2 protein chains.
Amino acid sequence: MTTMTKTKSANALPLNTILAGDCIEVMNSLPEASVDLIFADPPYNLQLRGDLHRPDNSKVDAVDDAWDQFSSFAAYDRFTQDWLAAARRLLKPNGAIWVIGSYHNIFRVGAALQNEGYWILNDVVWRKANPMPNFRGKRFTNAHETMIWASKAEGAKYTFNYEALKSLNEGIQMRSDWVLPICNGGERLKDDNGDKAHPTQKPESLLHRVLVGSTNPGDVVLDPFFGTGTTGAVAKMLGRDYIGIEREEAYRKVAEKRLANTRKYDREALMVSTSKRAEPRVPFGQLVERGMLRPGEELLSMNGRHKAKVRADGTLIGDDVKGSIHQVGAALEGAPSCNGWTYWCFKRDGKVVPIDLLRQQIRAEMAN
Amino acid sequence: MTTMTKTKSANALPLNTILAGDCIEVMNSLPEASVDLIFADPPYNLQLRGDLHRPDNSKVDAVDDAWDQFSSFAAYDRFTQDWLAAARRLLKPNGAIWVIGSYHNIFRVGAALQNEGYWILNDVVWRKANPMPNFRGKRFTNAHETMIWASKAEGAKYTFNYEALKSLNEGIQMRSDWVLPICNGGERLKDDNGDKAHPTQKPESLLHRVLVGSTNPGDVVLDPFFGTGTTGAVAKMLGRDYIGIEREEAYRKVAEKRLANTRKYDREALMVSTSKRAEPRVPFGQLVERGMLRPGEELLSMNGRHKAKVRADGTLIGDDVKGSIHQVGAALEGAPSCNGWTYWCFKRDGKVVPIDLLRQQIRAEMAN
DNA sequence: ACAGGAAATGAATCGACGC
DNA sequence: TGCGTCGATTCATTTCCTG
């Protein structure tokens with residue numbers, strides 16, 4: 001009993017809290033395979049990081065800038081590798097990670113992700129609607145940041161709410177370039193002096209799209225570089241649980257206050273459009289069993305070019321082919337595959353109707 | 001004298017030619033510090049598994065060429081490091097490099113660039129106006145590719161034609177995200193069978209912006225993965241010298257023919273469609289980049305009293321005036337302001353057409 | 001010849017489930 | 001774990017085809 005409690009306690013996730021400390025140490029203290037999504041906005045101040053994990057450079061013969069850069073890059077790489085490994089241990093097998101960065105660090109982060117065994121799904125460009133201009137006119141306006149979305153491993157069944165994102169985009173498939181304004185105005189948090197509380201606060205619109213797209217309500221979202229808690233705030237609003245890790249007390253304080261004032265959206269607002277894939281499977285044979293189609297009844301192909309007869313066991317028979325609605329459709333069309341539900345039609349009262357309509361009727365009954 | 005000749009010969013650059021062979025070996029055979037700009041479109045190391053079909057059951061023509069196959073990340077990294085080192089040796093101290101890639105390879109390329117001592121100036125996102133959708137609804141539409149622009153070393157005085165780019169963008173500072181269509185239609189080169197000559201031909205509009213922005217007339221531009229020679233074609237049109245390196249004979253042949261038919265600013269006649277939609281701002285420079293108007297082409301005023309020439313950066317030059325289409329129109333008319341879009345016309349097939357027609361064409365494409 | 005609809009196509013790491 | 005079956009899934013543009 002005591003052991004049980006202890007075990008439970010040790011494995012219990014500190015949900016909806018902000019943990020203080022170094023993110024690598026804190027992550028390593030949490031139970032493995034317990035988190036659904038990680039969103040990370042790591043530091044990219046390469047030069048300042050040079051002294052954190054500086055490798056032994058005693059036998060270096062070149063003391064030029066190139067080596068300096070390399071030592072700095074090496075330190076950053078080690079830091080990146082360490083926190084990505086700790087993060088990967090935390091992820092459930094079907095979990096995923098998002099990392100955001102700029103050209104200063106994102107290439108090293110992306111390579112490290114691949115080296116650690118993550119499987120990149122997309123890189124997504126946040127195209128800033130109102131970026132700061134390049135005042136010196138020596139380069140292009142730095143108008144975007146890059147996010148990398150990766151699953152824990154190749155072949156993992158990551159979460160992707162395709163239909164919800166498509167709806168967000170007015171019915172068109174969501175692209176890898178997102179046009180969103182930067183965080184300013186009332187959303188930008190201020191400290192007691194009225195200065196911005198954090199130099200790189202991310203807009204909630206960005207996290208909204210990330211979390212709607214790659215988590216479900218009730219999922220656990222961890223942010224190892226919590227800052228002022230944008231990830232937590234949006235997670236809370238969307239009915240997800242969050243875990244924040246932040247080293248700086250000043251940021252934690254701002255985030256605590258922010259989250260205390262954040263409310264979850266109504267349950268209805270959290271409902272998103274789902275894909276057909278999520279709906280229960282209905283065997284075609286059920287339509288015959290229930291008498292919605294009679295054995296011997298003739299079905300017509302969508303394009304009107306083919307026909308086939310329904311058999312009592314829920315298979316079809318056409319010219320020289322028999323099998324499932326899918327197999328017969330594919331064979332007649334000479335196609336590698338075919339969705340028989342949308343391919344075949346039947347006649348009722350002089351009208352030609354797809355058989356998928358009957359499946360929808362059954363599904364509607366099942367939902368009651 | 002003989003020595004002189006020999007030295008000269010050894011150091012002479014094979015300008016405006018396509019060299020056959022492995023790019024690393026060829027680059028190492030060329031004199032160091034002799035090239036102003038390198039544009040590289042290396043293999044992306046796509047790791048495709050099975051076939052992919054569209055919802056209509058047609059098969060996607062995948063990039064499965066042998067030149068894109070690497071045994072491991074380590075092998076790809078070695079290759080990347082080697083060609084980047086050879087390229088860097090070729091660059092003049094104030095030279096620069098552009099590399100294009102996708103999430104499959106660009107992070108490794110970016111890290112290698114930094115490791116080799118290059119200094120990243122920007123990452124630039126090519127946002128495709130008409131990308132291929134994600135057919136299975138499992139990820140985001142892969143709607144962009146990433147280019148990295150880097151100088152040979154930190155502190156180098158790289159070329160950046162700020163004003164020219166600003167003019168191309170109708171007076172607004174050029175951003176790090178560029179919206180341009182993919183290469184298809186008449187620009188897409190075909191082989192003798194009528195199939196695409198190269199699976200990944202890049203659009204000339206992309207190279208136009210790169211070369212206008214980061215080279216000057218007379219500069220030497222090298223492309224170690226020349227393919228069908230888009231870099232060379234645009235360089236020639238813009239009055240830059242090019243050197244191409246290509247391993248595959250089939251590609252070299254196509255490129256040779258293409259370049260033989262390329263003239264300074266000589267482009268195919270455009271097709272004008274009159275489809276009319278709504279409002280996004282279209283910079284006049286885009287008409288030039290996209291080849292709808294060619295630099296040097298003459299525009300006529302609506303009333304027939306004035307004329308002006310198009311420049312490569314999207315400005316006009318008339319009698320004693322130069323500037324935007326609006327500025328030049330206003331100056332020539334002695335008016336406080338002028339709508340250049342309705343004021344200026346161009347000639348096609350003997351007919352005089354307002355340039356606004358071209359803007360409408362672009363807007364029709366943009367109205368996504 | 002022209003208009004309108006159908007077909008083709010582009011750097012793609014593009015299932016889930018049951019037996 | 002491997003294999004067979006079910007069945008979900010596309011946007012912009014150009015080129016071809018038919019009337």
Side-chain angles (χ1 to χ4, degrees), chain A residues 114 118-123 150-151 154-158 160 162-163 166 169 171-176 275-279 281-285 303 315 323-327 329-330 335-344 356 359, chain B residues 41-65 67-68 70 73 100-106 126 128-146 181-188 190 194-196 198-203 227 271 273 275 361 364-368:
Chain A
Q114 293 177 313
Y118 290 94
W119 191 249
I120 297 182
L121 300 167
N122 277 115
D123 60 336
S151 62
E154 182 181 2
K157 291 180 207 148
Y158 54 90
F160 184 56
Y162 177 76
E163 289 293 339
K166 191 171 169 179
N169 198 32
I172 294 173
Q173 190 175 84
M174 188 71 79
R175 298 165 42 116
S176 60
S275 106
K276 277 188 191 171
R277 272 188 274 256
E279 295 181 48
R281 204 176 72 85
V282 176
F284 176 72
N303 53 28
T315 58
S324 72
I325 52 173
H326 316 295
Q327 289 168 333
S337 69
C338 171
N339 184 346
W341 289 106
T342 50
Y343 179 75
W344 293 108
D356 201 35
R359 183 172 64 161
Chain B
D41 183 8
Y44 286 9
N45 190 25
L46 299 187
Q47 293 163 53
L48 306 178
R49 300 297 190 247
D51 287 344
L52 178 65
H53 291 91
R54 299 184 175 80
D56 66 3
N57 274 322
S58 63
K59 187 163 170 271
V60 173
D61 184 15
V63 177
D64 53 3
D65 305 71
W67 48 254
D68 200 42
F70 293 84
F73 280 135
I100 185 168
S102 68
Y103 67 85
H104 310 84
N105 71 324
I106 198 64
W126 169 28
K128 301 181 184 183
N130 46 349
M132 185 165 70
N134 185 292
F135 296 115
R136 302 300 294 270
K138 302 303 292 182
R139 303 185 179 189
F140 298 97
T141 307
N142 224 316
H144 75 276
E145 291 187 28
T146 301
I182 60 177
C183 179
N184 59 11
E187 188 184 328
R188 188 86 194 208
K190 303 289 196 293
D195 300 322
K196 58 189 174 191
H198 193 283
T200 69
Q201 187 183 339
K202 296 293 176 289
M271 297 162 297
S273 93
S275 56
Q361 191 175 333
E365 291 174 21
M366 289 174 69
N368 301 336

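Basis for what follows: all heavy atoms, side chains included, without hydrogens, waters or symmetry-related copies. Naming convention: chains lettered A, B, ... in sequence-line order (proteins, then strands); numbering from 1 in each chain. Remember, it's a predicted structure, so these values are computed and weren't measured experimentally.
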Measure the distance from [atom1] on [X] to [atom2] on [N] and round it to the nearest whole Å.
| X | N | atom1 | atom2 | result |
| --- | --- | --- | --- | --- |
| B:His53 | D:dA8 | NE2 | C1' | 15 Å |
| A:Asn169 | D:dT10 | CG | C1' | 13 Å |
| A:Asp356 | D:dT9 | CG | P | 11 Å |
| A:Phe160 | C:dA16 | CZ | P | 13 Å |
| A:Leu121 | C:dC14 | CG | P | 10 Å |
| A:Trp119 | C:dA12 | CH2 | P | 16 Å |
| B:His104 | C:dA12 | NE2 | C1' | 6 Å |
| A:Lys276 | C:dA16 | NZ | P | 18 Å |

Tell me what [X] touches on the nucleic acid: a base, only sugar-phosphate, or nothing, going by heavy atoms under 4.0 Å.
| X | value |
| --- | --- |
| B:Pro42 | base |
| A:Asn122 | nothing |
| A:Cys338 | base |
| B:Thr141 | nothing |
| B:Asn142 | sugar-phosphate |
| A:Gly340 | nothing |
| A:Pro283 | nothing |
| A:Glu163 | sugar-phosphate |

Hey, does the side chain of [X] reach the backbone of [Y] with a donor-acceptor pair shorter than 3.5 angstrom?
| X | Y | value |
| --- | --- | --- |
| B:Gln201 | B:Lys196 | no |
| B:Arg136 | B:Leu52 | no |
| B:Asp51 | B:Lys59 | no |
| B:Glu145 | B:Ile100 | no |

Kindly say if [X] contacts the phosphate of [N], meaning a side-chain N or O under 4.0 Å from OP1 or OP2.
| X | N | answer |
| --- | --- | --- |
| A:Arg359 | D:dA8 | yes |
| B:Lys196 | C:dG10 | yes |
| A:Arg281 | D:dG7 | yes |
| A:His326 | D:dC6 | no |
| B:Lys138 | C:dA16 | yes |
| B:Lys202 | C:dA11 | no |
| B:Ser102 | C:dA11 | no |
| B:Thr200 | C:dG10 | no |
| B:Asn184 | C:dG10 | no |

Determine the Euclidean distance between corresponding [atom1] atoms of [M] and [N]; express it in Å to zero decimal places.
| N | M | atom1 | answer |
| --- | --- | --- | --- |
| C:dC19 | D:dG7 | P | 14 Å |
| C:dC14 | D:dC6 | P | 24 Å |
| D:dC16 | C:dA1 | P | 16 Å |
| C:dA11 | D:dT15 | P | 15 Å |
| C:dG10 | D:dT9 | P | 25 Å |

Nearest to the side chain of [X], heavy atoms from C-beta on, is which of [options]?
| X | options | result |
| --- | --- | --- |
| B:Leu52 | C:dC14, C:dA11, C:dC17 | C:dC14 |
| A:Ser337 | D:dA8, D:dT14, C:dC14 | D:dA8 |
| B:Arg136 | C:dA12, D:dC11, C:dC14 | C:dC14 |
| B:Arg188 | C:dC14, D:dC11, C:dG10 | C:dG10 |

Could you tell me which non-hydrogen atom of B:Lys138 sits nearest to which non-hydrogen atom of A:Tyr158, and how far apart they are?
-> O-OH, 2.9 Å

When A:Ser324 and A:Tyr162 are each assigned the nearest nucleotide of DNA chain D, the 5'-most assignment goes to A:Ser324

Report the residue (A:Gln327 or A:Arg277) whose heavy-atom-nearest nucleotide on DNA chain D is the more 5′ of the two.
-> A:Gln327

Worked verdict on A:Asn122 versus A:Met174 for side-chain contact (heavy atoms from CB on, under 4.5 Å) | CA-CA 12 Å; A:Asn122 277 115; A:Met174 188 71 79; over 6 Å; no

How are the rings of A:Phe284 and A:Trp341 set relative to one another: parallel (under 30°), tilted (30 to 60°) or perpendicular (over 60°)?
->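 A:Phe284 vs A:Trp341 ring planes: perpendicular.
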
Is any N or O donor-acceptor pair between the side chain of B:Arg54 and the base of C:dG10 shorter than 3.5 Å?
-> yes

With distance as the sole criterion, is a donor-acceptor pair present between the side chains of B:His104 and B:Ser102 under 3.5 Å?
-> yes

Residue pair B:Asp56, B:Phe135: steps toward the side-chain contact (heavy atoms from CB on, under 4.5 Å) verdict | CA-CA 10 Å; B:Asp56 66 3; B:Phe135 296 115; over 6 Å; no

Between A:Glu154 and B:Arg49, is a salt bridge (charged side-chain N to carboxylate O under 4.0 Å, His left out) present by the stated rule, with each step listed?
-> CA-CA 12 Å; A:Glu154 182 181 2; B:Arg49 300 297 190 247; 2.4 Å; yes

Pairs counted as Watson-Crick or G-U wobble with both distances under 3.5 Å: what dot-bracket string results for DNA chain D, using | for bases tied to another strand?
-> .|||||....|||||||||

